[in-house]
Amino acid sequence: MTWLTLLLLVVVVAAGLLRWRRPAWYWLTFGVTFAILRVLVRYTSVMEGCGLTVPPSRWRLALARTFDRPAPEHRAPRILRLRPTRTGLALRLKLRPGQDAFDFAAASDRLRHSFGMYGVTSRELRSGVVELRMTGYDVLKRVQMPAKVDTRPMRVPVALRADGSVHYRDYRVVPHGLTLGATESGKSVYQRNLVAGLAPQQVALVGIDCKQGVELFPLARRFSALADHPDSALELLEALVSHMADVYQLIRSEQRITADVPDAEIAADIWDLPEDIRPVPIVVLVDEVAELALFTTKEEEKRRDRIITALVRLAQLGRAAGIYLEICGQRFGSELGKGITMLRAQLTGRTAHRVNDETSANMAFGDIAPDAVLAAIQIPAEIRGLAIAGDSTGGWHRIRAPYTSLRQAVNVCNKYAHLTPDLPALAPFRPALGALAPVPAQAPAVETAPAAA
């Protein structure tokens, strides 16, 4: 009995240490079993307490009266599947007649407390089926991306969502994006993850960094074109507009619009072209958009208008030509001048890190997801990298990118530097680089004293 008590004490202490120091390990070893038991035991009472049950049907009430039996109880949604995941549980429910998926979304906070989980989110899979994704611990406190992710061309895993799923930046689905964030909010780390994820793919990276190139120029070996001043940025953007026109001429010449060609083979963008003639897609990263919109003289105002016009044209017409925009900035508001709100309307994907004012959050989400505005301005300053991501559907998620140092991003870009395409239209803007220096040998951590003579 003493050995059994000692063993139980060791298990309890080990579980407590894991829960404190390694919550992910605790969940996989102990937490998932306890959580499944809690959900199954409390399920009916929790659904009734949260108002997610329906009264018995008329035929059941009539049957009870006919046979003089007690009235049947309210019915909870039927459990279709309860599946443990790496970070929590996935509970799939079949709704009863009269229930709506919004009822479960509104009761997510009450379900979180009742089931003893860290977080609960609801989504409708199809008509009459809802899935509750529960997280057993704070997955955004120490972000650990899963070992296997669903990578596809132009689709990059950049962050982890609060429900434990991976947040992807898919340029084929959401062509253009806007990323906002104040100083020390984690915007640069998000951008490094994006570049590191795009580096192994067949894509041309074009950068505009008007902070003298301190953010993007260290990654220059993987960039086909770079600009570090508004003057060179204007020339680069106009070269991209000219390249876009050439791509459209190629698509027109290869559309194959004849009576005997199926509709699925008619080319309308670069992805419908044969691979041997398909132009390489281009991702344009603008590090600080406000530097392109500010001016002090009449000449700078003319330059600013040409820059914004080129950006708007690329945002409106660039998708079919394989040109995708990723606009980043600390501040994005209507005070940046005419054309800014027109540019924002074309940026479907929105990501907001901690911002210093509500106006920036409204510019990011006010027109697509008003509920996300309040969440964006409530991000604490001490949690760098935490952000709100939304799109034109109105849905939004809390995400956090794993920390990637500048050295790690540089190493990835150097590793895949051979994949950097050479585009003739952007040749004048190709960064001039020297040969890679050999990596020095690792010096000993502690010097040893010389041997005595």
Side-chain angles (χ1 to χ4, degrees), residues 4 7-53 73-96 99 101-126 128-150 159-167 375 383 386 395 397-400 402:
L4 184 59
L7 180 60
L8 182 61
L9 181 63
V10 170
V11 171
V12 171
V13 172
L17 288 175
L18 285 177
R19 188 170 186 176
W20 175 42
R21 301 293 296 178
R22 291 290 186 270
W25 296 1
Y26 169 79
W27 172 256
L28 294 175
T29 53
F30 301 98
V32 63
T33 304
F34 298 151
I36 291 176
L37 291 176
R38 282 199 307 269
V39 170
L40 295 178
V41 171
R42 302 178 184 176
Y43 176 74
T44 304
S45 59
V46 166
M47 290 295 157
E48 185 175 359
C50 294
L52 299 176
T53 58
E73 298 178 350
H74 285 48
R75 293 182 299 168
R78 183 162 55 91
I79 297 178
L80 295 180
R81 186 173 67 177
L82 178 59
R83 177 174 57 90
T85 64
R86 187 177 64 92
T87 58
L89 299 175
L91 179 62
R92 187 169 297 183
L93 304 176
K94 175 65 176 176
L95 303 187
R96 299 291 185 181
Q99 290 185 318
F102 178 77
D103 299 334
F104 292 84
S108 59
D109 199 49
R110 286 175 287 169
L111 292 173
R112 174 174 70 90
H113 289 292
S114 301
F115 286 134
M117 305 296 288
Y118 184 83
V120 175
T121 58
S122 171
R123 66 188 182 111
E124 184 178 4
L125 299 181
R126 58 182 183 272
V129 178
V130 169
E131 184 178 69
L132 300 178
R133 294 189 64 91
M134 310 179 190
T135 51
Y137 59 96
D138 187 2
V139 298
L140 301 184
K141 183 178 182 180
R142 182 183 298 173
V143 178
Q144 294 180 344
M145 300 292 284
K148 293 182 179 180
V149 292
D150 184 14
L160 198 66
R161 292 180 177 178
D163 61 358
S165 60
V166 178
H167 180 73
I383 306 181
L386 187 64
H397 307 274
R398 285 185 176 86
I399 65 170
R400 192 179 188 187

Student: With rounding to the nearest 0.5 Å, note down the distance linking CG in Asp163 to CD1 in Ile399.
Tutor: 11.5 Å

Student: Do Leu93 and Met47 have side-chain heavy atoms sitting under 4.5 Å apart?
Tutor: yes

Student: What are the two closest heavy atoms between Ala35 and Leu89, and how far apart are they?
Tutor: CB-CD1, 3.9 Å

Student: With rounding to the nearest 0.5 Å, note down the distance linking NE2 in His167 to CZ in Arg398.
Tutor: 14.5 Å

Student: If you compare all heavy atoms of Arg42 against all heavy atoms of Ser114, which two are closest, and at what distance to 0.1 Å?
Tutor: NH1-O, 2.7 Å

Student: Would you call Arg38 and Met117 a side-chain contact if the rule is heavy atoms closer than 4.5 Å?
Tutor: yes

Student: Can you name the nearest heavy-atom pair linking Leu82 to Val39, along with the distance?
Tutor: CD2-CG1, 4.5 Å

Student: Would you indicate whether the side-chain heavy atoms of Leu52 and Phe104 approach each other to under 4.5 Å?
Tutor: yes

Student: Considering non-hydrogen atoms only, spot the tightest contact between Arg400 and Lys141 and give its length.
Tutor: NH1-O, 3.2 Å

Student: Enumerate the residue pairs fulfilling salt bridge (Lys or Arg N to Asp or Glu O under 4.0 Å) with a member in residues 107-124, sequence neighbours excluded, ordered by first and then second residue.
Tutor: Asp109-Arg112, Arg123-Glu131

Student: Working to the nearest 0.5 angstrom, can you tell me the gap between Ser108 OG and Leu132 CG?
Tutor: 9.0 Å

Student: Return yes if some donor-acceptor pair links the side-chain N/O of Thr135 with the main-chain N/O of Gly164 below 3.5 Å, else return no.
Tutor: no

Student: Between Val130 and Ala101, what is the shortest heavy-atom contact and its length?
Tutor: CG2-CB, 3.8 Å

Student: Quick check: closest heavy atoms across Ala76 and Tyr43, and the distance to 0.1 Å?
Tutor: CB-CE2, 3.9 Å

Student: Calculate, to the nearest 0.5 Å, the distance between atoms CZ and NZ belonging to Arg78 and Lys94 respectively.
Tutor: 7.5 Å

Student: Going from CE on Met134 to OG1 on Thr121, what distance comes out if it is rounded to the nearest 0.5 angstrom?
Tutor: 9.5 Å

Student: Given side chains that start at C-beta, do those of Thr53 and Arg75 come closer than 4.5 Å, heavy atoms only?
Tutor: no

Student: Nearest 0.5 Å, what's the CG-OH distance between Asp138 and Tyr118?
Tutor: 3.5 Å

